[in-house]
A.B. asks: 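Supplied in structure tokens, the structure appears directly below.
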Amino acid sequence: MLAGQPRYRQAAIKRRWKQETYQLIHDCHQKYNWKIDLMCKWAKIARSAYYKYFDPKRKPSKREERDKKIEAKIIEITKSNNSLFGTEKMTMAVNRQMSDEKPVYHKTVYRLMCINGIRSQKPRYQKLKFKHTTPEKTAENKLKRDFNTRGAS
């Protein structure tokens with residue numbers, strides 16, 4: 001599933017898998033009273049990472065908050081124009097709509113578009129169709145000249 005994906009999307013998918021695993025461990029501990037350290041060993045996850053994920057004092061970083069705002073704006077723009085914008089146009093549109101904040105860099109927009117699976121839908125052009133002709137018609141000698149030397153007899 002990860003093989004053909006861009007690097008940013010691979011990282012996001014792995015992060016989501018870990019979060020789902022943390023949630024599963026939490027639910028199993030609540031429902032069945034299973035030991036957290038054993039479940040973390042089975043899932044090959046550090047126990048400290050599990051506790052860090054469920055820390056009530058933990059606040060999202062400034063980058064995470066800003067990314068959520070940008071992501072919401074990107075999704076809104078995508079829905080309004082049927083995914084016709086690529087990274088560069090999307091960057092310009094986001095910067096235009098979020099003029100009160102610092103400008104957004106195009107690589108940030110690319111990363112967030114990759115994570116959410118948003119791609120631009122470009123029209124596909126068909127190859128030009130040509131008339132099939134016979135080789136005699138194509139190779140017809142229209143000049144009808146004799147290209148042999150005149151002096152030779």
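The first residue of the sequence shown is numbered 1, and numbering continues consecutively from there.
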A.B. asks: With a 4.0 Å cut-off on N to O distance, would you call R15 and E64 a salt bridge?
C.D. replies: no
A.B. asks: Return the orientation label for the Y22 and Y53 ring planes: parallel under 30°, perpendicular over 60°, tilted otherwise.
C.D. replies: tilted
A.B. asks: Between K41 and D37, does at least one N-O distance fall below 4.0 Å, as a salt bridge requires?
C.D. replies: no
A.B. asks: Might you point out which heavy atoms bring C40 and R47 nearest each other, and give the distance in Å?
C.D. replies: SG-CA, 4.0 Å
A.B. asks: Working to the nearest 0.5 angstrom, can you tell me the gap between Q19 CD and L24 CG?
C.D. replies: 13.5 Å
A.B. asks: When rounded to the nearest 0.5 angstrom, what is the spacing between NZ in K73 and CD in Q97?
C.D. replies: 5.0 Å
A.B. asks: Run the side chain to side chain contact (heavy atoms under 4.5 Å, CB included) check on I118 and I75 step by step: do they pass?
C.D. replies: CA-CA 8 Å; I118 300 171; I75 291 170; 4.2 Å; yes
A.B. asks: Does the side chain of I74 come within less than 4.5 Å of N116's, by heavy atoms?
C.D. replies: no
A.B. asks: Determine whether Y105 and Y8 fall in the same hydrophobic cluster, where Ile, Leu, Val, Met, Phe, Trp and Tyr are linked whenever their side-chain heavy atoms lie under 4.5 Å apart.
C.D. replies: no
A.B. asks: State, to 0.1 Å, how close F85 and I77 come at their nearest heavy-atom pair, and which atoms those are.
C.D. replies: CD1-CG2, 3.8 Å
A.B. asks: To the nearest 0.5 angstrom, please state how far the OG1 atom of T87 sits from the NE2 atom of H106.
C.D. replies: 8.5 Å
A.B. asks: Determine the minimum heavy-atom distance between M90 and V109, stating which atoms define it.
C.D. replies: CG-CG1, 3.7 Å
A.B. asks: Please name the pair of heavy atoms, one in P60 and one in E65, separated by the smallest distance, quoted to 0.1 Å.
C.D. replies: O-OE2, 3.6 Å
A.B. asks: How long is the span from the OH atom in Y110 to the OG1 atom in T91, to the nearest 0.5 Å?
C.D. replies: 12.0 Å
A.B. asks: Report the C-alpha separation of R66 and V104 in whole Å, then their side-chain angles, then the decisive distance to 0.1 Å, and conclude whether the side chain to side chain contact (heavy atoms under 4.5 Å, CB included) test is met.
C.D. replies: CA-CA 10 Å; R66 185 167 187 242; V104 180; 3.7 Å; yes
A.B. asks: Determine, step by step, whether D67 and R111 satisfy the side chain to side chain contact (heavy atoms under 4.5 Å, CB included) criterion, reporting the C-alpha distance in whole Å, the side-chain angles of both residues, the deciding distance to 0.1 Å, and the verdict.
C.D. replies: CA-CA 10 Å; D67 281 353; R111 177 174 53 84; 3.1 Å; yes
A.B. asks: Rounded to the nearest 0.5 Å, what separation is found between the CD atom of Q10 and the CD1 atom of I13?
C.D. replies: 7.5 Å
A.B. asks: Should the ring pair F54 and H26 be called parallel, tilted or perpendicular, given that the plane angle runs from 0 to 90° and is split at 30 and 60?
C.D. replies: parallel
A.B. asks: With side chain to side chain contact (heavy atoms under 4.5 Å, CB included) as the criterion, how do R16 and I115 come out once you've worked through the C-alpha distance, each side chain's angles and the decisive distance to 0.1 Å?
C.D. replies: CA-CA 10 Å; R16 234 177 257 142; I115 287 170; 3.7 Å; yes
A.B. asks: Measure the spacing between NE2 of H29 and CG of L38 and express it to the nearest 0.5 Å.
C.D. replies: 12.0 Å
